[in-house]
Amino acid sequence: MLRWDWIAVAMLLASPDIAYGQDALFDAAGYRITRYRAPTRRPPEGVTRIAPAAAALLRPDVDALFLDVLPAEGGHRQADGRWRLAAPHESIEGARWFPEGGQGAIASDAERRFIRAMARLTRGRREWPVVVFCRADCWLSWNAARRLHALGYRRVWWLAEGTDGWRDMGLPLVPVAPEGGLAL
């Protein structure tokens, strides 16, 4: 093989979307189901991207619901529904944390809890703004934003830079507990 042929083979193997097939990354409904830490280029259809500086002007629970969907790394939900965490989690002050909300293949009981909690937190107003985030280059917030839009929420704003972008602006992150309770 010529040198350029080897380079082409190496590029093909290094490109995850080509090497494994685009279909392997998403399920039939269009949710990302694997390798969540990867660049996200645009918001899901019907969702608006919000810049960190614009999100910082909003007051959580007054102007918008801030929704953190980063998983509980090393943590798990117990049979009684409460969370046992392996490490503390920091988020935007006033944000609600739903560790399962961004999964592509979400368990039916977790999805029901998420839907009920969203209805409660928005007081059933599907026009209430919701700012969805996790970290930069994370498909979990993309999935959650897509899910909320599919549920009929009309003002879903995707903070693609997540807590990384928030911290980069010099804004504080504070410890939060998962929505639904924390087991001590």
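Small disclaimer: the values here were computed from a predicted structure and weren't measured.
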Please say yes or no: joined through hydrophobic side-chain contacts below 4.5 Å, possibly via intermediate residues, are [X] and [Y] part of one cluster?
| X | Y | answer |
| --- | --- | --- |
| Trp157 | Trp128 | no |
| Phe98 | Ile106 | no |
| Leu85 | Val174 | yes |
| Ile115 | Val47 | yes |

Do you know the tightest heavy-atom contact between [X] and [Y]?
| X | Y | result |
| --- | --- | --- |
| Leu171 | Ala56 | CD1-CB, 3.6 Å |
| Trp83 | Ala72 | CZ3-CB, 3.8 Å |
| Ala38 | Arg32 | CB-NH2, 3.6 Å |
| Phe133 | Gly162 | CB-CA, 3.9 Å |
| Pro60 | Glu93 | CG-O, 3.2 Å |
| Leu140 | Cys134 | CB-SG, 4.0 Å |

field: Verdict with supporting geometry, Leu173 and Ser91, side-chain contact (heavy atoms from CB on, under 4.5 Å)
entry: CA-CA 5 Å; Leu173 297 174; Ser91 188; 5.5 Å; no
Donor-acceptor pair, side chain of [X] and main chain of [Y], under 3.5 angstrom:
| X | Y | result |
| --- | --- | --- |
| Arg77 | Pro99 | no |
| Asp164 | Arg135 | no |
| Tyr31 | Ala144 | no |
| Arg125 | Thr122 | yes |
| Arg59 | Asp61 | no |
| Trp142 | Arg42 | yes |
| Asn143 | Gly102 | yes |
| Trp166 | Ala53 | no |

message: Hydrogens and angles aside, do Thr48 and Trp158 bring a side-chain donor and acceptor to less than 3.5 Å of each other?
response: no
Do [Y] and [X] meet the salt-bridge criterion of a basic N to acidic O distance under 4.0 Å?
| X | Y | result |
| --- | --- | --- |
| Glu179 | Arg113 | no |
| Arg147 | Glu100 | no |
| Arg49 | Glu161 | yes |

First locate atom [atom1] of [X], then atom [atom2] of [Y], and finally report the distance between them rounded to the nearest 0.5 Å.
| X | Y | atom1 | atom2 | value |
| --- | --- | --- | --- | --- |
| Leu58 | Leu159 | CG | CG | 10.0 Å |
| Leu148 | Arg155 | CG | CZ | 14.0 Å |
| Gln78 | Arg84 | CD | CZ | 4.5 Å |
| Arg82 | His76 | CZ | NE2 | 11.0 Å |
| Arg35 | Trp139 | CZ | CH2 | 11.5 Å |

task: Could you point out which residue of Val132, Ile92, Val156 forms a side-chain contact (heavy atoms from CB on, under 4.5 Å) with Leu67?
output: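 Answer to the side-chain contact (heavy atoms from CB on, under 4.5 Å) test with Leu67 among Val132, Ile92, Val156: Val132.
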- request: Compute the ring centroids of His89 and Trp97, then answer whether they are less than 6.0 Å apart.
  value: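 Centroid separation for His89 and Trp97: below 6.0 Å.
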- prompt: Cation over ring, Arg96 on Phe66, under 6.0 Å and within 45°?
  reply: no
- request: Report, as yes or no, whether the 6.0 Å neighbourhood of atom CD on Glu45 holds more than 12 heavy atoms from other residues, nucleotides or ligands.
  value: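 12 or below, so no.
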task: List the steps, then state whether side-chain contact (heavy atoms from CB on, under 4.5 Å) holds for Gln103 with Ile33.
output: CA-CA 7 Å; Gln103 298 296 318; Ile33 55 172; over 6 Å; no
message: For Asp137, give me all partners under side chain to side chain donor-acceptor pair (under 3.5 Å), at least two apart in sequence or on another chain.
response: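 Partners of Asp137 by the side chain to side chain donor-acceptor pair (under 3.5 Å) criterion come out as none, since no residue qualifies.
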